[in-house]
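Here is how names work: the chains are called A, B, and so on, in the same order as the sequence lines, proteins then strands, and each is numbered from 1.
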There are 2 protein chains.
Amino acid sequence: MIFKKKPLVVSRSTLKRLPLYLHLLEKVMAEGAEYVSCTQIAKEFDFDPTQVRKDLEVTGEVGTARIGFRVAGLVDSIKEFLGWNNAHDAFLVGAGNLGKALLGYRDFEKYGLNIVAAFDNDPRKVGTRIFGKEVLPLNRLANLSKRMHVHIGIVSVPAEHAQSAVDLMVNAGIKAIWNFAPAPLRIPADVILENARLTQSLAVLTNNLKRNRDQGENNANSDVSKI
Amino acid sequence: MIFKKKPLVVSRSTLKRLPLYLHLLEKVMAEGAEYVSCTQIAKEFDFDPTQVRKDLEVTGEVGTARIGFRVAGLVDSIKEFLGWNNAHDAFLVGAGNLGKALLGYRDFEKYGLNIVAAFDNDPRKVGTRIFGKEVLPLNRLANLSKRMHVHIGIVSVPAEHAQSAVDLMVNAGIKAIWNFAPAPLRIPADVILENARLTQSLAVLTNNLKRNRDQGENNANSDVSKI
DNA sequence: CTTTAATAGAGAAAATTTTATCGATAAAAC
DNA sequence: GTTTTATCGATAAAATTTTCTCTATTAAAG
């Protein structure tokens, strides 16, 4: 197989568009398409075709003029690039509403994420199972993460407990943290922190809504809702 | 009160940082601080102070040299700017795990979002209440949204049903859609669409993790985890 | 077989976003 | 009261990201 030279550093923007492409590609693959062009992909999202082409460059896949890219190849290469081809075990801390929803989200396995257990200090939750996953007391996290070689921690506790949950994880050897709490977290430089914040997305929505309202009917939706 | 001239168009990046500032500001306000400087805020997030200053410009607040900004004023102006000072009623479609979590998320009211009812076609769910909110059949959405003047729709159905849910909402007069389904959606230009996609955030995390693994211990976390 | 049209890929240009610089100002230190 | 220091606000510069332009390639149409 032929590979193009890949860019050395991949932008966050590109990284965030790749899952979009992937979902689309899986859909068109299920529909039986063998090839897809950047033009087609771009049309779906109202992106620039060149941007799609540049994004796909990072996967190493090469396209064919007049044909496009092999869908199956792209799907695989994007997954590989994102690290979704190999399952990562993860612990979740905070078995509240959001935690439960995350525990029940079956699609995570498609994204290489396997939540193996939940941790919570609420005695009513400890000992129960949520979607088949045990809820354990927080003081067992350190031991278990070391024994089971779990390197990803998901934080779904309230903001005020987020930092202490993270400290616990870091001390337990967790190497990457996916944070759902709306709080700025302090972590050592060698730990990866990624914030999944709903409020950011909501901010864009409500601000647009307000602008539309303020400006009346003219100029509606002038902020293009990309990415 | 004195206002600075505000930038006419606010970037998506700025818009997404504002909630971060807001959460921090509410915290420091609770701690009793009356003033806060951009330098301090920047330090919390590892941002550039100038960037914070530029971001805060959009709120119209003016700071004082050597002192900074009034925390209370900033909090209020950011909320106002984001449209979080006035409650927006919203309908939620899809009372699955994620839908339930969203219905139970009490903080939404802080962000001006008030989910008034849920819709689902599962007969086992219809008629029940989730966190006090009624679950209604989808065919009642159009009528109710018009009668209750609800303009925001939250989509938490599986990807394959997302487009039809959105079509229904658009026909019902919904003006802004917050989409949690991993599917590209087609909507009219005058409807606001904002995608809240977990997978994008997860993509950044897992890719970083893969890179760290690939590159061994050198150069860990070279992609700074900002925003 | 030749022409046409669609697309990839490379590089340049444009736009946007972030970061740096500098003068002004106000509090704190001296 | 003067000097020092921290910060704002404005502008400029740098970096990054997106979009455009052009050439080469390949399938399809004529």
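Among the nucleotides D:dT18, D:dG9, D:dT17, the one closest to any side-chain atom of A:Ser11 is D:dT17.
We find that CD of A:Gln51 is positioned 16 Å from P of C:dA15, with the value rounded to whole Å. Summarising the geometry, the separation between CZ on A:Arg12 and P on C:dT17 is reported as 15 Å, rounded to the nearest angstrom. Note: CG (A:Asp55) to C1' (D:dT19) measures 13 Å, nearest angstrom. The interatomic distance linking A:Lys54 (NZ) with D:dT17 (P) rounds to 12 Å, in whole Å. A:Tyr35 places its OH atom 12 Å from the P atom of D:dT26, with the value rounded to the nearest Å. Atom CG of A:Leu15 is separated from atom P of D:dT17 by 11 Å (rounded to the nearest Å). For A:Asp48 and C:dA10, the CG to C1' distance is 15 Å, given to the nearest whole Å. Rounded to whole angstrom, the span from the CD atom of B:Glu57 across to the P atom of D:dA10 amounts to 6 Å.
Checked against the 6.0 Å centroid threshold, A:Trp178 and A:Tyr111 do not count as a close aromatic pair.
With A:Glu194 as reference, A:Arg12 is the one residue of A:Lys16, A:Lys175, A:Arg12 to meet the salt bridge (Lys or Arg N to Asp or Glu O under 4.0 Å) rule.
Judged by atom type and distance alone, B:Lys16 does not reach the base of C:dT17 through any side-chain donor-acceptor pair under 3.5 Å.
With hydrogens and angles left out, the side-chain atoms of B:Asp167 and B:Gln163 include a donor and acceptor closer than 3.5 Å.
Counting heavy-atom neighbours within 6.0 Å of B:His161 NE2, excluding the residue itself, gives a total of 12 or less. A:Arg106 CZ: 12 or fewer foreign heavy atoms inside a 6.0 Å radius.
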Tell me which donor-acceptor pairs under 3.5 Å the side chains of residues 31-39 of chain A have, and how far apart each pair is, sequence neighbours excluded?
{"unit_1": "A:Ser37", "atom_1": "OG", "unit_2": "A:Thr39", "atom_2": "N", "d": "3.4"}
{"unit_1": "A:Ser37", "atom_1": "OG", "unit_2": "A:Gln40", "atom_2": "N", "d": "3.2"}
{"unit_1": "A:Ser37", "atom_1": "OG", "unit_2": "A:Gln40", "atom_2": "OE1", "d": "3.3"}

Return the polar atom pairs (N/O with N/O) between nucleotides 5-7 of chain D and the protein under 3.5 Å, or none.
{"unit_1": "D:dT5", "atom_1": "O2", "unit_2": "B:Arg66", "atom_2": "NH1", "d": "2.4"}
{"unit_1": "D:dA6", "atom_1": "O4'", "unit_2": "B:Arg66", "atom_2": "NE", "d": "3.1"}
{"unit_1": "D:dT7", "atom_1": "O4'", "unit_2": "B:Arg66", "atom_2": "N", "d": "3.4"}

